[in-house]
Amino acid sequence: PSVFMIYTLSLVVSIALAEIILRKVKPLKGLLISGGIFVLLAGLGIVYTTQVNKVNLKDVLVTQIESSKELLEAQKKSIEASGAESKEAFEALALLDQPELIAEQVIREAPSVFFMTTFIVLWVNLFLLLKFNRIVRKLDKKNFGEFELLKIKVPEHFIWLVIISLVAAVWGDQVNPLYSVIGINLLKCLGIFYFFQGFGIYMAFLDYVKLGGFIRTALVILTVFTASQVIAVIGLFDMFVNFRRFFKKNKNQGEL
């Protein structure tokens with residue numbers, strides 16, 4: 001069933017991206033529409049399944065976690081063997097002995113993780129498809145290029161959502177623990193779009209310093225995996241600073 005689900009989701013994503021390319025839809029518009037529909041349908045599907053079958057997600061997760069007891073024990077021994085004495089290590093060890101707490105944490109973080117994963121997968125694959133399409137059909141100027149996805153700019157009024165989410169995440173526990181969970185999830189969901197904006201700024205900077213080739217690719221991969229939050233913060237503060245104005249226009253844009 002899991003393999004079937006993976007292939008089904010891959011098929012849906014492929015069809016959505018193919019429609020964006022073939023119908024010459026603006027990449028950003030296509031990304032938002034396809035991602036929004038995908039998240040909405042998946043959410044409705046989960047709600048429908050749990051309501052009709054009267055399934056308790058927490059109980060299902062606890063059962064799955066308990067069935068993976070050997071794997072958890074191996075992970076616990078790995079942490080103990082590493083000799084880590086940090087607060088995070090102690091919390092991880094304590095969590096591994098309590099399946100119910102793990103299930104609760106998964107449920108709390110699942111919405112934002114699914115949302116971010118959906119848009120990252122769509123963005124990366126759409127970027128590659130647009131790049132390939134531009135190379136293959138370079139004579140057709142009506143086609144959009146992958147650089148359209150590097151010009152994403154989050155509307156300025158979204159800053160109010162960021163502020164409200166931040167307040168809920170930090171002080172929501174004092175009113176209701178649910179507010180804090182909602183605030184954290186909203187921050188992560190908004191953060192993915194600010195990441196896209198910050199990534200475009202980062203690529204513009206690499207164009208400005210004329211860095212290309214393997215070094216550029218390695219630097220981009222390293223930055224994305226180690227400093228993704230910094231890139232998102234840059235995208236957020238771009239609303240106040242407008243970093244692109246510091247970069248001179250380069251006719252020959254570098255390539256990823």
Side-chain angles (χ1 to χ4, degrees), residues 6 9-10 13-14 16-17 20-21 26-32 34-36 38-39 42 88 106 109-135 144-155 158-159 161-162 165-166 169 184-247 250 252-256:
I6 291 172
L9 294 176
S10 300
V13 171
S14 301
L17 297 181
I20 294 173
I21 299 293
K26 289 185 178 181
L28 178 56
K29 180 180 178 181
L31 178 70
L32 293 175
S34 58
F38 191 82
V39 170
E88 290 78 9
V106 169
E109 298 181 2
S112 58
V113 171
F114 178 74
F115 186 92
M116 292 188 296
T117 302
T118 298
F119 278 93
I120 289 174
V121 169
L122 288 171
W123 190 95
V124 171
N125 283 279
L126 183 57
F127 184 92
L128 295 174
L129 277 174
L130 288 170
K131 185 180 182 69
F132 177 78
N133 192 53
R134 177 177 59 83
I135 294 173
F144 292 102
E146 72 276 15
F147 298 109
E148 292 290 328
L149 291 177
L150 299 178
K151 300 176 182 177
I152 292 177
K153 189 171 179 63
V154 180
F158 270 52
I159 190 64
L161 285 176
V162 174
S165 301
L166 184 61
I184 293 172
N185 277 276
L186 282 175
L187 277 177
K188 291 180 179 179
C189 293
L190 292 169
I192 192 63
F193 297 110
Y194 284 109
F195 170 81
F196 292 149
Q197 183 170 336
F199 184 76
I201 295 169
Y202 180 54
M203 297 300 291
F205 170 74
L206 295 181
D207 291 339
Y208 174 65
V209 297
K210 298 181 180 179
L211 184 64
F214 174 77
I215 297 178
R216 177 191 178 100
T217 303
L219 189 60
V220 168
I221 294 174
L222 182 64
T223 304
V224 167
F225 281 100
T226 61
S228 57
Q229 293 180 346
V230 175
I231 294 177
V233 170
I234 290 174
L236 175 63
F237 280 93
D238 183 52
M239 183 185 69
F240 307 102
V241 181
N242 187 16
F243 292 104
R244 293 180 186 270
R245 64 189 174 89
F246 297 111
F247 310 142
N250 228 344
N252 299 318
Q253 294 185 354
E255 299 199 4
L256 177 61

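Keep in mind that what you see is a predicted model, and the values were worked out from it rather than measured.
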>> Against K188, only a single residue in N185, L186, I184 fulfils side chain to side chain contact (heavy atoms under 4.5 Å, CB included); can you say which?
In response: I184
>> Over 60° means perpendicular and under 30° means parallel, so tell me whether F127 and W123 are parallel, tilted or perpendicular.
In response: parallel
> Should L9 and V13 count as side-chain neighbours, where that means a heavy-atom distance under 4.5 Å?
Replying inline: no
> Can you check whether L31's main-chain N or O pairs, donor with acceptor, with S34's side chain at less than 3.5 Å?
Replying inline: yes
> Using the ring of each side chain (for Trp, its six-membered ring), is F119 parallel, tilted or perpendicular to F115, with breaks at 30° and 60°?
Replying inline: tilted
>> Less than 4.5 Å apart, side chain to side chain, heavy atoms only: is that true for F147 and L130?
In response: no
> To the nearest 0.5 Å, what is the distance between CD (E146) and CG (L128)?
Replying inline: 9.0 Å
> Quick one: are I159 and L236 in side-chain contact, heavy atoms under 4.5 Å?
Replying inline: yes
>> Please give me the minimum heavy-atom distance between L187 and A169, naming the atom from each residue.
In response: CD1-CB, 4.0 Å
> Got V230 and Y202 here, is their nearest side-chain heavy-atom distance under 4.5 Å?
Replying inline: no
>> Using 0.5 Å steps for rounding, measure from the CZ atom of F246 to the CD1 atom of I201.
In response: 11.0 Å
> Can you name the nearest heavy-atom pair linking F114 to V39, along with the distance?
Replying inline: CE2-CA, 4.1 Å
>> Return the OG1 to CD1 distance between T117 and I192, rounded to the nearest 0.5 Å.
In response: 8.5 Å
> Could you state the interatomic distance from CZ (R244) to CG (D207), rounded to the nearest 0.5 Å?
Replying inline: 9.5 Å
> Any side-chain heavy atom of F158 sitting closer than 4.5 Å to one from Y194?
Replying inline: yes
> How long is the gap from CG on L161 to CG on L166, to the nearest 0.5 Å?
Replying inline: 12.5 Å
> Do K153 and D238 have side-chain heavy atoms sitting under 4.5 Å apart?
Replying inline: yes
>> Counting only heavy atoms from other residues, nucleotides and ligands, does the tally under 6.0 Å from CD of Q229 exceed 12?
In response: no
> Is the count of non-hydrogen atoms from other residues, nucleotides or ligands lying under 6.0 Å from L222 atom CG greater than 12?
Replying inline: yes
> Does any non-hydrogen side-chain atom of F195 lie less than 4.5 Å from one of V224?
Replying inline: yes
> Between V154 and F196, does a side-chain contact (heavy atoms from CB on, under 4.5 Å) hold up when you go through it step by step?
Replying inline: CA-CA 9 Å; V154 180; F196 292 149; over 6 Å; no
> Taking the side chain as C-beta and beyond, is there a heavy-atom pair between F240 and F237 under 4.5 Å?
Replying inline: yes
> Between Q197 and G235, what is the shortest heavy-atom contact and its length?
Replying inline: NE2-O, 3.3 Å
>> So, taking the atom named CG in L190 and the one named OG in S165, what distance separates them when rounded to the nearest 0.5 Å?
In response: 5.5 Å
>> Is it true that, when you exclude F205 itself, more than 12 heavy atoms of the residues, nucleotides or ligands shown sit nearer than 6.0 Å to its CZ?
In response: no
> Closest heavy-atom contact between I215 and L211?
Replying inline: CG2-CD1, 4.0 Å
>> How close do G35 and L122 get, counting heavy atoms only, and between which atoms?
In response: CA-CD1, 3.4 Å
